[in-house]
Structure formats: structure tokens, C-alpha cells
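Scope of the values below: all heavy atoms of this structure, side chains included, with no hydrogens, waters or symmetry mates.
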Amino acid sequence: CLPGTRTEELKAIMSWASGGTPLPDPLSYLQALTPDCQALWLCGVAGSGKSSIALSVAQNLHAAGVLVGFYGFSAANQAALHPSKMFTTLALQLATQDQSLGDKLLSIIEGVDVRTRTSLSPPKQLDTFLLPLLQPAEDSPPVHQIVIVIDALDEAGAVSQRAEILSLLVELDTRLPANVKMLITSR
């Protein structure tokens, strides 16, 4: 966002995403944002600032020391930003920001057959790489606030691919540990 714009939205979302109590928000679409809410979906018409908000939130949270995984779809760059790469990319991004997550991901990867690592379907990637990475150790509480930002979901490949990713994100929302928040934007 440009400096001085979207300040109320950014403050409310930043407070929620960093694990705090959301600030009172005069904007009706953020009034239901509570600390126990783990997913926020920003939707609006093209050009309404959704991607700017998502990128600003991700950058500000990262600067504040929150672990952030960001995946932005783009109709102009379908090959590089394909839905089949989303969950592994998010896992890698989070693992490169924290040594303990990096070690955990390495252990997860070593347990996957080398012949199938790169050909896993998105549901298998979610279950094999991202969810185990996000789960805290059984004998310890979560040590990090983690935010996953998925921008422009409406530009994620073909309709069938978007439907699959959306279904997986709904499932992911029900399986997230308390320290993980998810911000999604789309039309």
C-alpha cells in the first residue's frame, strides 16, 4: 500500500495476524475478525487493493519477526506460480526463516521417497510437507506466530485447480495449530 493509505485495514489485520486482539474497526468487513479466527478472506473487484494489502501485511509482519509464507498467483505467470507448487513453496519459505523449521523440513523430506518428492499432488504435498511442518512438537507449545498469505487465488490455474486448492484451504483451516493464521485474497 502507498504510505498513509489503507491504514485502518492494515492495523486491524496486522494486530489479528500477529496474534493480538484486533483493533476496533469501523469497516464492516473486518468487524468479525476475532483472535480465535484463523483465516481471513479479503475479496473484492479487480483493482480494489487486495494484493497491495496482502503484500503490505506480509512485508510488515516479516519485518516484525513473524514467520510469513507468501504465495501470489498471477494470470500472467501461470507456469512459475502454478497451484501444484503452492504448498511446497510455502513450506520452504517458512523453513528458510527459522532453523528449527528448516531442520524439521529436512527431516520430513528425507522421509519421502526421492523418486516421488517432486511429483506429489497438492493434497499429498499439504499432508506430507506443510501440515507436519506447522504442527508443534507434542511436548512443547508453539514457539512462533506463523502467517500464510495467499494472494489472487482467483488466478490459480484452471477452474478445476482453483476448486481443488480452495477445498484444500478449507481443510487446512480446520487443521491449523492455534499459532498459525491464513490471509487469502481473491475476486
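- Separation of atoms CG (Leu90) and CZ (Phe70) is listed at 10.0 Å; rounding is to 0.5 Å.
- The NZ atom of Lys85 sits 13.0 Å away from the CG atom of Leu92 when rounded to the nearest 0.5 Å.
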Side-chain donor-acceptor pairs of residues 59-66 under 3.5 Å, sequence neighbours excluded:
from	atom 1	to	atom 2	distance (Å)
Asn60	ND2	Ser56	O	3.2
His62	ND1	Gln97	OE1	3.4

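- Lys50 places a side-chain N or O within donor-acceptor distance of the main-chain N or O of Val45, the cut-off being under 3.5 Å.
- Trp16 contributes a side-chain N or O that, together with a main-chain N or O of Cys37, makes up a donor-acceptor pair within less than 3.5 Å.
- Although no hydrogens or angles enter the test, the distance criterion places no donor-acceptor pair under 3.5 Å between the side chain of Ser107 and the main chain of Asp103.
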Ignoring hydrogens and angles, write down the donor-acceptor pairs under 3.5 Å from the side chains of residues 145-153, residues two or more places apart or on other chains.
from	atom 1	to	atom 2	distance (Å)
Gln145	NE2	Ala17	O	3.2
Gln145	NE2	Asn179	O	3.3
Asp151	OD1	Ser51	OG	3.0
Asp151	OD1	Thr185	OG1	2.4
Asp151	OD2	Ser51	OG	2.8

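- The salt bridge (Lys or Arg N to Asp or Glu O under 4.0 Å) analysis of residues 119-134, with sequence neighbours excluded, yields the pairs Asp127-Arg175.
- Residue Asp154 holds its CG atom at 12.0 Å from CD1 of Ile184, rounded to the nearest 0.5 Å.
- With contacts defined as side-chain heavy-atom distances shorter than 4.5 Å, the pair Arg187/Glu155 qualifies.
- A donor-acceptor pair under 3.5 Å is formed between the side chain of Ser18 and the backbone N or O of Met14.
- Between Leu40 and Met182 the shortest side-chain heavy-atom distance does not fall below 4.5 Å.
- By the 4.5 Å heavy-atom criterion applied to side chains, Leu42 and Ile13 are counted as neighbours.
- In this structure, Gln125 contributes its side chain and Ser84 its backbone to a donor-acceptor pair below 3.5 Å.
- A side-chain donor-acceptor contact under 3.5 Å links Gln38 to the backbone of Val180.
- Atom CG of residue Leu183 and atom CD1 of residue Ile53 lie 8.5 Å apart, to the nearest 0.5 angstrom.
- Contact detail for Gly157 and Gln161: the closest heavy-atom pair is CA-OE1, 3.2 Å.
- Phe87 CZ to Leu168 CG: the interatomic distance, rounded to the nearest 0.5 Å, is 4.5 Å.
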With side chain to side chain contact (heavy atoms under 4.5 Å, CB included) as the test, would you mind laying out the steps for Leu134 and Leu94 before giving the verdict? CA-CA 9 Å; Leu134 296 175; Leu94 294 170; 3.8 Å; yes

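- A distance of 10.0 Å separates OG1 of Thr88 from CD of Gln93, quoted to the nearest 0.5 Å.
- By the criterion of side-chain heavy atoms lying less than 4.5 angstrom apart, applied directly or through intervening Ile, Leu, Val, Met, Phe, Trp or Tyr residues, Val112 is grouped together with Met86 in one hydrophobic cluster.
- You'll find the side chain of Pro83 stays beyond 4.5 Å of the side chain of Glu164, heavy atoms only.
- Of the possible polar contacts, none joining the Ser15 side chain to the Ala12 backbone as a donor-acceptor pair under 3.5 Å is found.
- Leu67 approaches Leu101 most closely through the heavy-atom pair CD1-CD1, 3.5 Å.
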